[in-house]
Amino acid sequence: MTSNIRYKSRIPVKTEDSMEEKQYVGFATLPNQVHRKSVKKGFDFTLMVAGESGMGKSTLVNSLFLTDLYKDRKLLNAEERINQTVEIIKHTVDIEEKGVKLKLTIVDTPGFGDAVNNNECWKPITDYIDQQFEQYFRDESGLNRKNIQDNRVHCCLYFIPPFGHGLRPVDVEFMKALHEKVNIIPLIAKADCLTPNEIKKLKDRVREEIDKFGIKVYQFPECDSDEDEEFKQLDKELKECTPFAVIGSNTVVEARGQRVRGRLYPWGIVEVENQSHCDFVKLRNMLIRSHMHDLKDVTCDVHYENYRAQCIQEMTSKLAQDNRMESPIPILPLSTPDVDTEKLIKMKDEELKRMQEMLNKMQQQMHDKDQ
Amino acid sequence: ISHGHGGSHSSSGGSTLLGYIGIDTIIEQMRKKTMKTGFDFNIMVVGPSGLGKSTLVNTLFKSQVSRKSAGWARDEKIPKTVEIKSVSHVIEEGGVKMKLTIVDTPGFGDQINNDNCWEPISKYINEQFEKFLKEEVNITRKKRIPDTRVHCCLYFIPPTGHCLRQLDVEFMRRLSHSVNIIPVIAKSDTMTIEERQEFKQRVRKELENNGIEFYPQKEFDDDMEDKSDNDKIRETMPFAVVGSDKEHQVNGKRVLGRKTAWGIIEVENPNHCEFAQLRDFLIRSHLQDLKEVTHNIHYETYRAKRLNDNGGLHPISSNDTQESNL
């Protein structure tokens with residue numbers, strides 16, 4: 001909870017005296033005005049979880065958001081799973097806390113990595129992410145932008161099994177396929193089957209391999225130079241702790257006189273929220289209490305913009321290749337488009353759209369006539 | 001590999017929460033971010049010269065921010081056509097940095113023949129929309145598009161005490177659909193309280209009769225809370241203001257005011273004039289909303305119109321004759 005205290009001290013303390021202060025105009029209230037509107041509207045966040053079955057994904061999500069999203073889930077057995085393909089399933093839940101409303105969407109990917117042949121099993125996932133980008137791009141470019149629904153995936157928790165010696169080929173390929181489309185946060189799942197030493201070795205190995213294979217996982221933004229030492233220290237510890245080794249639990253046990261979420265073993269009780277047992281608290285604080293907004297920003301400013309730029313480039317190169325359109329003005333191949341060529345492209349695109357519409361109308365008319 | 005798209009299970013209406021997740025901290029995260037990036041605010045002042053526009057703006061922001069303070073002579077010649085002159089300052093308060101731009105319109109309403117004197121203003125407003133639109137459709141977009149769009153237009157009504165002039169009606173009628181207009185009665189210390197009330201009532205009636213929707217527009221009230229807040233404001237508008245950048249001693253305190261032989265008019269005294277109300281409304285409660293209405297409504301209207309006009313981004317000309325490509 002240290003982060004909360006730190007932020008509070010930043011709000012300018014307004015006493016009656018300072019209100020009467022000569023130079024006080026009043027626009028220091030601007031952040032409050034912004035936040036008042038956001039509180040009214042509420043926030044949304046889309047979180048994807050990926051990893052093989054049985055890694056504890058659902059349990060972790062329930063633990064993070066203190067919900068029970070998977071009450072009526074039916075687990076398939078091995079036979080039923082033979083023909084299962086990777087599915088994309090969305091769960092939406094509205095959570096309210098201290099007047100702040102959050103519409104949380106969890107995107108689940110059952111079937112990932114479960115088959116015998118897992119070639120390209122990430123494709124449905126990348127397709128899904130692209131689809132959300134595309135839908136947003138269409139909406140954003142459309143005429144009526146009043147109620148755009150933002151279904152873009154803000155963060156993907158990737159569960160690495162604790163049983164191996166580092167990243168497996170499927171882990172590497174998955175992360176490389178997605179690292180430029182979504183913020184990936186790799187996690188070591190079911191960390192309660194490892195001793196502290198084993199965890200350290202595994203983390204070092206995973207970090208090394210992530211570097212080696214050039215995987216771009218989500219980077220925590222740099223600390224501001226004006227942050228206090230305590231915060232900088234916490235931030236440093238957070239960064240050195242990745243990938244987080246997590247444990248989740250759907251059950252409440254009695255430990256040290258308190259009721260906590262945990263797992264009861266004959267040899268002891270594992271407490272989910274005990275920082276010496278696992279990194280769950282670090283993950284939760286990072287994901288929800290300090291970096292949720294940044295995750296959304298990076299999705300909008302980096303991943304989405306990359307997608308959009310790529311999309312526009314593809315559209316324009318398609319126009320260039322399409323010889324059926326008689327273009328009175330030759331369209332030049334684009335390397336760095338300037339404003340004039342941009343205008344041209346937009347003009348051509350609109351023209352194409354209109355022509356297509358007219359064609360459709362004529363076809364419809366002819367079809368009606370034939371009836 | 002085909003993939004099924006499973007339906008969304010909506011378990012809404014709050015789940016059984018045990019303990020604290022920490023969702024409300026997102027407000028702090030947002031606040032920290034916005035404080036870092038700072039804000040832009042662009043305000044335009046329109047009215048014939050001598051109505052105290054520059055003084056009022058300086059009084060509002062408690063700094064020398066108007067064009068006149070940037071070293072122009074007070075008795076400069078009235079320009080032959082309406083000019084658009086903008087001046088920007090970065091002001092800071094309570095850790096919040098604001099880039100404030102005042103757009104002045106000298107020459108408005110000053111000529112003998114004021115026909116179409118609103119056109120340069122309309123053109124300027126549309127040019128800022130166009131600038132923003134161009135940035136928005138670019139392939140590589142800036143993270144934060146610089147916002148020069150006019151968020152608010154303070155329209156100065158001369159305190160004739162009778163009714164609105166033809167020019168006032170024409171201007172507001174034409175521009176209320178592209179910018180947030182806040183009409184103010186300038187130099188209101190020429191009227192008694194009763195004269196002021198009557199004048200305001202007449203002005204409000206005339207605005208209504210001419211279908212002029214000034215800010216805050218009724219149609220954009222979000223919910224009942226907004227509506228009741230804004231109704232109260234709408235019933236007090238137009239604010240009757242007095243501006244001053246000189247201080248005087250009143251009852252042992254130093255206040256901004258105008259000293260006359262019959263007394264001192266205190267600018268921030270709600271019994272004397274409505275400056276304080278205007279300031280609170282404009283800066284302390286509706287600043288963000290002014291920007292949002294500009295972005296979500298006026299800008300969107302402009303954008304929709306541009307996209308509909310026979311495709312493509314043609315350069316703006318004042319005599320826009322669009323020919324069909326088909």
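Here is how names work: the chains are called A, B, and so on, in the same order as the sequence lines, proteins then strands, and each is numbered from 1.
The candidate from A/R145, A/R36, A/K101, A/M292 with the greatest count of non-hydrogen atom pairs under 4.5 Å with chain B is A/R145. Most heavy-atom pairs under 4.5 Å with chain B: of the set A/K103, A/K40, A/K146, this distinction falls to A/K40. For the options B/V255, B/D222, B/L282, B/I91, heavy-atom pairs under 4.5 Å to chain A are most numerous at B/I91. Chosen from B/L287, B/L60, B/T34, B/D280, the residue pairing most often with chain A at heavy-atom distances under 4.5 Å is B/L287. Listed options B/R144, B/E268, B/R141, B/K97 were ranked by heavy-atom pairs under 4.5 angstrom with chain A; first place goes to B/R141.
By the 4.0 Å N-to-carboxylate-O rule, A/D294 lies too far from B/K33 to be salt-bridged with it.
Atom OG1 of B/T37 is separated from atom NZ of B/K32 by 12.0 Å, given to the nearest 0.5 angstrom. Here B/R149 contributes atom CZ and B/K131 contributes atom NZ; the two are 12.0 Å apart, rounded to the nearest 0.5 Å.
Residues B/H286 and B/I233 form a side-chain contact, since some pair of their non-hydrogen atoms from C-beta on lies under 4.5 Å apart. Between B/F41 and B/I283, every side-chain heavy-atom pair lies at or beyond the 4.5 Å cut-off. Counting heavy atoms from C-beta outward, A/E273 and A/R284 have side chains that approach closer than 4.5 Å.
Proximity to chain B is absent for every atom of A/N144, based on heavy atoms less than 4.5 angstrom apart. Residue B/D223 touches chain A through its side chain alone, counting heavy-atom pairs closer than 4.5 Å. Heavy-atom distances place the side chain of A/R308, and not its backbone, under 4.5 Å from chain B. Proximity to chain B (any heavy atom under 4.5 Å) is shown, for A/E140, by both the backbone and the side chain. For chain B, the nearby part of A/F43 is the side chain; its heavy atoms alone come within less than 4.5 Å. For a residue to count as touching a neighbouring chain, one of its non-hydrogen atoms must lie under 4.5 Å from one of that chain's; by this rule A/L64 touches chain B with the backbone only.
Ring geometry for B/Y215 against B/F281 counts as tilted: the plane angle lies between 30° and 60°, on a 0 to 90° scale.
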Determine whether B/T148 and B/E127 satisfy the following criterion, side-chain contact (heavy atoms from CB on, under 4.5 Å), listing intermediate values before the conclusion. CA-CA 9 Å; B/T148 54; B/E127 274 168 6; over 6 Å; no
side-chain contact (heavy atoms from CB on, under 4.5 Å) for A/N151 and A/T105? Distances and angles first, verdict last. CA-CA 9 Å; A/N151 293 319; A/T105 305; 5.9 Å; no
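Side-chain contact check for B/H151 and B/D40: no donor-acceptor pair (N or O, by modelled atom type) lies under 3.5 Å. Counted by atom type alone, B/N271 and B/E266 present zero donor-acceptor pairs between their side chains at under 3.5 Å.
Residues of residues 291-300 of chain B placed with any heavy atom under 4.5 Å of a heavy atom in chain A are listed by number as B/E292, B/Y299, B/E300.
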